[in-house]
Amino acid sequence: MVKERLISLDVFRGLTILLMTIVNNPGDWGNVYPPLLHADWHGCTPTDLVFPFFVFIMGVAVPLAMPDKFYDNTTFSKILIRSLRMLCLGIFFNFFGKIQLFGLDGIPLLIGRLAITIAVGYALMGSFSSKVKNILAFSILLIYLVLAYSGIEAYHDVRLPGVLQRIAIVYFVVSLLYLKTTLKTQIITGTVLLLGYWGIMTLIPVPGIGEANLEKGTNLASWFDSILLKGHMYSGTVTWDPEGILSTIPSIVNGIIGLLIGQFLQSDSSKIKKALKMGRIGAVLIILGLLWDLIFPINKSLWTSSYVLFTTGLATVFFTILYYLIDIANYKKGFKPFLIWGVNPMIVFFSSQIIPQALVMIQFQNPKNPEEQTNLLDFLYHFWIAPFFSNPMTASLAGALVYVCIWTFILWIFYRNKLIFKV
């Protein structure tokens, strides 16, 4: 069977990573429109859809990338290596700002960090033999762990979990499920994981706290993080991690539901029948998620089971709309910019984590107040963008959109030259 590339899926991926770029790069974090922020705890904003949409899209792509469903040691090795490469890329984002080199500071340190970034990026996204990829991925992961637990002051609190790390884990599990199990087993697995997570989070008492609860910092997922990831969690939460260990379990189901949709797309049904059925599936998932929300609230940080169903339902509906417009009605006008983003997500994901950190390291005298220092990121925003807007939230959004425009131009050049960066 020939690999099938769905333009609608690439466009959906592009829309998702574009929204991620806007959300992650406001001009001013103190002035952001509420829909572009995560829900404070329970609830769901458009921003809370980005991550689960990525996981869903990855799940859909798995059967499209491996249509023959052939499993052997070589296939397993490829899946493992790709997962490890994604995992290592994700962890590197957290190391970048902590790298120390021979007592260097300022621009010399920045140059050193960027040189290491290029080397790591090439090692994890370059084209090598499977053996070399394997050695590089395992070696880099080992270096991370040694540094994190070595007692070296610079790395004693470096974060280990993250978005790409979770995607890597889900990809590994979902790929093996696809190759080694039937549709029925995949559905049962997803159901058990969601029900099991619900039971674990709402029935098991939290050691040292008391009764099971779903509050910040005192729930069972937080306790797991505090035990297994102590000192290596998200700095904004400190005592727990939004991409922690226990909450990764239900996120696998986002990938499984995407996997089921991807396999359904390979069936012999007509495209219009596929679209109609996917639309119904999406609607049912949304309703089930909202109903479950009544007793197990939709919550991204906990990645609750209701959140899984609600977000995969929305993802299925949005994808169905794009599938109908692009792959059935053949309406492609206006979708090209999103396609350009969708075929090259990894380079955006990787670089967008590094660039802001690099710009902050470039510091100089503030032109408006010579007694203060400013950095290049703040300078570009406060002197070149913010003065043109009276509303600080609009100015902040404009800063993000300028960044998007720059990336669109870069990705267009890559697209024209058929440069695609993959792990």
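We count residues from 1, following the sequence as given.
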List the steps and the verdict of side chain to side chain contact (heavy atoms under 4.5 Å, CB included) for Leu87 and Leu164. CA-CA 6 Å; Leu87 185 76; Leu164 204 53; over 6 Å; no
Atom pair [atom1] ([X]) and [atom2] ([Y]), whose distance is rounded to the nearest 0.5 Å:
{"X": "Leu179", "Y": "Asp68", "atom1": "CG", "atom2": "CG", "result": "10.5 Å"}
{"X": "Ile321", "Y": "Ile326", "atom1": "CD1", "atom2": "CD1", "result": "11.5 Å"}
{"X": "Arg416", "Y": "Leu411", "atom1": "CZ", "atom2": "CG", "result": "14.0 Å"}
{"X": "Lys273", "Y": "Ser267", "atom1": "NZ", "atom2": "OG", "result": "10.0 Å"}
{"X": "Ile200", "Y": "Phe224", "atom1": "CD1", "atom2": "CZ", "result": "7.5 Å"}
{"X": "Ile340", "Y": "Asp10", "atom1": "CD1", "atom2": "CG", "result": "11.5 Å"}

List the atom of [X], the atom of [Y], and the distance in Å for their closest heavy-atom pair.
{"X": "Tyr171", "Y": "Ile79", "value": "CE2-O, 3.8 Å"}
{"X": "Ala137", "Y": "Arg85", "value": "CB-CG, 4.3 Å"}
{"X": "Ser251", "Y": "Trp303", "value": "CA-NE1, 3.2 Å"}
{"X": "Ile420", "Y": "Asn344", "value": "CA-OD1, 3.5 Å"}
{"X": "Lys271", "Y": "Ile328", "value": "O-CD1, 3.4 Å"}
{"X": "Asn213", "Y": "Val206", "value": "ND2-CG2, 4.0 Å"}

Determine whether [X] and [Y] make a side-chain contact, defined as any pair of heavy atoms from C-beta on separated by less than 4.5 Å.
{"X": "Leu15", "Y": "Phe53", "value": "no"}
{"X": "Tyr307", "Y": "Leu302", "value": "no"}
{"X": "Leu195", "Y": "Ser305", "value": "no"}
{"X": "Phe319", "Y": "Leu265", "value": "yes"}
{"X": "Arg166", "Y": "Pro161", "value": "no"}
{"X": "Arg159", "Y": "His232", "value": "no"}
{"X": "Asn94", "Y": "Leu160", "value": "no"}
{"X": "Leu322", "Y": "Phe335", "value": "yes"}

Donor-acceptor under 3.5 Å ([X] side chain, [Y] main chain):
{"X": "Ser396", "Y": "Pro26", "answer": "no"}
{"X": "Asn31", "Y": "Ala395", "answer": "no"}
{"X": "Thr316", "Y": "Met278", "answer": "no"}
{"X": "Thr181", "Y": "Leu177", "answer": "yes"}
{"X": "Asn417", "Y": "Leu419", "answer": "no"}
{"X": "Thr21", "Y": "Val404", "answer": "no"}
{"X": "Ser150", "Y": "Ile152", "answer": "yes"}
{"X": "Gln263", "Y": "Pro63", "answer": "no"}
{"X": "Ser351", "Y": "Val348", "answer": "no"}
{"X": "Asp293", "Y": "Gly289", "answer": "no"}

Do [X] and [Y] have a side chain donor and acceptor closer than 3.5 Å?
{"X": "Asn254", "Y": "Thr311", "answer": "yes"}
{"X": "Tyr324", "Y": "Ser8", "answer": "no"}
{"X": "Asp225", "Y": "Ser222", "answer": "no"}
{"X": "Thr408", "Y": "Trp341", "answer": "yes"}
{"X": "Ser175", "Y": "Arg82", "answer": "no"}
{"X": "Gln100", "Y": "Glu153", "answer": "no"}

Would you please classify the geometry between the Tyr122 ring and the Phe128 ring as parallel, tilted or perpendicular, with 30° and 60° separating the classes? perpendicular
Describe, in one word, how the ring planes of Phe93 and Phe349 are oriented to each other, choosing from parallel (under 30°), tilted (30 to 60°) and perpendicular (over 60°). tilted
Cation-pi check, Arg13 to Phe54: give yes when NZ or CZ is under 6.0 Å from the six-membered ring centre and within 45° of the ring axis, no otherwise. no
Could you check whether atom [atom1] of [X] has more than 12 heavy atoms from other residues, nucleotides or ligands sitting under 6.0 Å from it?
{"X": "Lys98", "atom1": "NZ", "answer": "yes"}
{"X": "Asn73", "atom1": "CG", "answer": "no"}
{"X": "Lys69", "atom1": "NZ", "answer": "yes"}
{"X": "Tyr234", "atom1": "OH", "answer": "no"}
{"X": "Asp40", "atom1": "CG", "answer": "no"}
{"X": "Trp384", "atom1": "CH2", "answer": "no"}
{"X": "Lys332", "atom1": "NZ", "answer": "yes"}

Stepwise side chain to side chain contact (heavy atoms under 4.5 Å, CB included) test for Gln186 and Thr189: CA-CA 5 Å; Gln186 293 159 22; Thr189 301; 5.6 Å; no
Determine, using ring centers only, whether [Y] and [X] are less than 6.0 Å apart.
{"X": "His156", "Y": "Tyr149", "answer": "no"}
{"X": "Trp240", "Y": "Trp223", "answer": "no"}
{"X": "Tyr323", "Y": "Phe12", "answer": "no"}

Ile252 vs Leu193, test: side chain to side chain contact (heavy atoms under 4.5 Å, CB included). Steps then yes/no. CA-CA 8 Å; Ile252 294 171; Leu193 290 178; 4.1 Å; yes
Given side-chain hydrogen bond (donor to acceptor under 3.5 Å, both in side chains), test Tyr33 with Thr394 step by step and report yes or no. CA-CA 8 Å; Tyr33 284 109; Thr394 303; 2.6 Å; yes
Test side chain to side chain contact (heavy atoms under 4.5 Å, CB included) on Phe138 and Leu80 and set out the steps. CA-CA 10 Å; Phe138 273 105; Leu80 177 61; 4.3 Å; yes
